[in-house]
Amino acid sequence: MTKSLSTRIFIGLFLGVLLGSIVQFALNDVAFFSGTLVEVASGIGKMFVNMIMMLVVPLVFVSIVCGVCELQDLKSFGRLGGKTFGFYIINTLVAITAAFAVAMLIEPGKGVDMSSAGGVDITATELPNLMTLIVNIVPNNPFSAFTSGNMLQVIFMALLLGGVIKSLGEVAKGAVKGFQTANVIMMRLISVVMNLAPIGVFALMFKLGATLEPEIFFSVVQYLLLILGLLLLWIFVVYPYAVSFFTQVTAKQFREKTREQILFSLSTASSNATIPVTMRTLTDKLGVNRAVAGFGVPLGATMNMGGVSIYITIAIFFVANAFGMPISGDQIPALLFSVFLLSVGAGGVPGGGMVMIGVLIHQMGLPVEAFAIVAALDRIIDMVLTSCNVVGDTAVLTIVDQTEKPHQIEAEKA
């Protein structure tokens, strides 16, 4: 087939939305189309996402172990880890600050009375405690970490194992070769699954087009457009120009090379499911060192949530204003700190941002009826914010790789 994978994904995405919308607006009364066909599409889409998710944990584990083993020395590992973590934190803080400034300037939801909106109850959940988050990184059961897909714990085990293998030198040469072979196998598996992406994307978008309720969105169009506008600004302006400022990659080149990644993340709405595509974008298209990508991508899918930060910040201000309970000045510091913790803990799964907003609505004492509005719009926003998250991972790691090049050259000379 001559068309590129990204082109085929786009065709699947477009056709899925188009045909799904036709079903909703023209064929909704026909049980076969609105019932059976949508159910089949939902099943195919879920199978595709499950195939991707099936590969995520072993891919992350094997990639990180290989990445650590391929580092020139363990000193570079510490430097790389600290640098990647620091850049991710800075990215999240910048996104929160920008969204907060826009929310204060535009005041989304002000003058809108939504106190009569239908209620959707949520389960009260405590804000994540930073020390608890750190303590839970170390698993008490490695099998549980793998089966539950706890990325932070999987990353910790992979880093520990990779570091020990690296420290053993020649003694563990067989183990290094084994993980390298496993990495090749994982990459091949990803290629096989990715060839099915156009079909999976079509099915996912068909269901979305057939089940959306557009009338829900008209009353909150400003809120929706504000969030989408900020996310798109980050994807197509902020990240590309940040990369062009710090590296040799131009903004135009960065946009072109992340096109497939954006389209895929739009359909899955999952940073974790997009990990294989992000890996390939970094290593094959942007030439990022495999060690940098292997370490940084799984970590970014877990904690680099620039898109979620923007979403949560704008959403909570909108909800507070729309329900006549504007956030006071003394609440703002606690709110911003909570948004930061929730963004880091949102995880790379569909709907993670919506869940965190639900937690924040409860913690800030806002009416739980507000969650109905958030839930109604979440699927559209979630697609774009996931693209923002994964493009942010790519941008940060491209910059990190640029800062690592001098150390790589020195190591090669030595």
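As the structure is a computational prediction, the values presented were derived from the model and not from experiment.
- The shortest distance between side-chain heavy atoms of Phe254 and Val391 falls below 4.5 Å.
- Ion pairing between a basic and an acidic side chain is recognised when a charged N comes within 4.0 Å of a carboxylate O; Glu39 and Lys207 show no such pairing.
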- Query: Val38 and Phe33: side-chain contact (heavy atoms from CB on, under 4.5 Å), yes or no, with the steps?
  - Reply: CA-CA 7 Å; Val38 171; Phe33 291 104; over 6 Å; no

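- Side-chain atoms of Ile314 and Phe100, non-hydrogen and from C-beta on, never get closer than 4.5 Å to each other.
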Which pairs of donor and acceptor atoms, one on a side chain in residues 231-241, lie under 3.5 Å apart (sequence neighbours left out)?
| residue | atom | partner | partner atom | Å |
| --- | --- | --- | --- | --- |
| Tyr239 | OH | Asn91 | OD1 | 2.9 |
| Tyr239 | OH | Asn91 | ND2 | 3.2 |

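- In terms of heavy atoms, Asn28 sits closest to Ser34 at O-OG, 3.1 Å.
- Side-chain contact between Met157 and Phe61 is present, with heavy atoms from C-beta onward closer than 4.5 Å.
- Looking only at side-chain heavy atoms (C-beta outward), Lys173 and Cys69 stay at 4.5 Å or farther from each other.
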- Message: Let's go through Val396 and Val400 carefully: what are the C-alpha distance in whole Å and the side-chain angles of both, what is the deciding distance for side-chain contact (heavy atoms from CB on, under 4.5 Å) to 0.1 Å, and is it a yes or a no?
- Response: CA-CA 6 Å; Val396 168; Val400 169; 4.1 Å; yes

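- Residues forming a salt bridge (charged side-chain N to carboxylate O under 4.0 Å, His left out) with Arg280 (at least two apart in sequence, or on another chain): Glu260.
- Between Phe264 and Phe48, the ring planes lie perpendicular to each other; the angle is over 60°, past the 30° to 60° tilted range.
- At most 12 heavy atoms of other shown residues, nucleotides or ligands fall within 6.0 angstrom of atom CE in Met47.
- In this structure, NZ in Lys46 is found 14.0 Å from CD1 in Ile44, a value given to the nearest 0.5 Å.
- Nearest approach of Val288 to Ala293, heavy atoms of both residues: CG1-N, 4.2 Å.
- What you find for Leu13 and Leu263 is that their closest heavy atoms are CD1-O, 3.9 Å.
- Note that the CG atom of Leu204 and the CG atom of Leu266 stand 11.5 Å from one another [nearest 0.5 Å].
- The shortest distance between side-chain heavy atoms of Met383 and Met205 falls below 4.5 Å.
- Two residues are said to be in side-chain contact when any heavy atoms from C-beta on lie closer than 4.5 Å; Phe246 and Thr403 fail this criterion.
- A distance of 11.0 Å separates OG1 in Thr97 from CD1 in Ile310, rounded to the nearest 0.5 Å.
- Judged by distance alone, the side chain of Asp401 and the main-chain N or O of Leu397 form no donor-acceptor pair under 3.5 Å.
- Taking CG of Leu93 as the reference point, atom CG of Leu336 lies at 10.0 Å (rounded to 0.5 Å).
- For Glu256, the salt bridge (charged side-chain N to carboxylate O under 4.0 Å, His left out) criterion is met by no residue, not counting sequence neighbours.
- Within 6.0 Å of atom CD in Gln248, 12 or fewer heavy atoms from other residues, nucleotides or ligands are found, so the atom counts as exposed in its surroundings.
- Shortest non-hydrogen contact noted between Ile381 and Leu228 is CA-CD2, 4.2 Å.
- The salt bridge (charged side-chain N to carboxylate O under 4.0 Å, His left out) contacts involving residues 288-301 comprise Glu70-Arg290, where partners must be two or more places apart or lie in separate chains.
- Here the side chain of Thr92 pairs a donor or acceptor atom with the backbone of Tyr88 at under 3.5 angstrom.
- With sequence neighbours excluded, the residues forming a side chain to side chain donor-acceptor pair (under 3.5 Å) with Thr250 are Gln253, listed by chain and number.
- You'll find the side chain of Leu59 reaches within 4.5 Å of the side chain of Pro276, heavy atoms only.
- Here CG of Leu189 is found 5.5 Å from CG of Leu55. Values are rounded to the nearest 0.5 Å.
- Between the side chain of Thr283 and the backbone N or O of Met279 there is at least one donor-acceptor pair closer than 3.5 Å.
- The two residues Ile262 and Ser387 come nearest to each other via the heavy atoms O-OG, 3.2 Å.
- Under the side chain to side chain donor-acceptor pair (under 3.5 Å) criterion, Thr258 pairs with no residue, sequence neighbours left out.
- Going from atom CZ of Phe87 over to atom CG of Asp393 covers 14.0 Å, rounded to the nearest 0.5 Å.
- Closest heavy-atom contact between Pro139 and Ile137: CD-O, 3.2 Å.
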- Message: What verdict does the side-chain contact (heavy atoms from CB on, under 4.5 Å) test give for Met104 and Phe317, after you've listed the backbone C-alpha separation in whole Å, the side-chain angles of each residue and the deciding distance to 0.1 Å?
- Response: CA-CA 8 Å; Met104 294 297 290; Phe317 273 92; 3.7 Å; yes

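- Thr386 and Ser265 form no side-chain donor-acceptor contact under 3.5 Å, judged by distance and modelled atom types alone.
- The backbone N or O of Thr274 lies less than 3.5 Å from no partner atom in the side chain of Gln261, so there is not a single donor-acceptor pair.
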- Pair Ile11-Phe202, side-chain contact (heavy atoms from CB on, under 4.5 Å): steps then yes or no: CA-CA 8 Å; Ile11 292 172; Phe202 172 83; over 6 Å; no

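- Between the side chains of Thr281 and Lys257, no donor-acceptor pair of N or O atoms lies under 3.5 Å.
- The shortest distance between side-chain heavy atoms of Leu37 and Phe206 falls below 4.5 Å.
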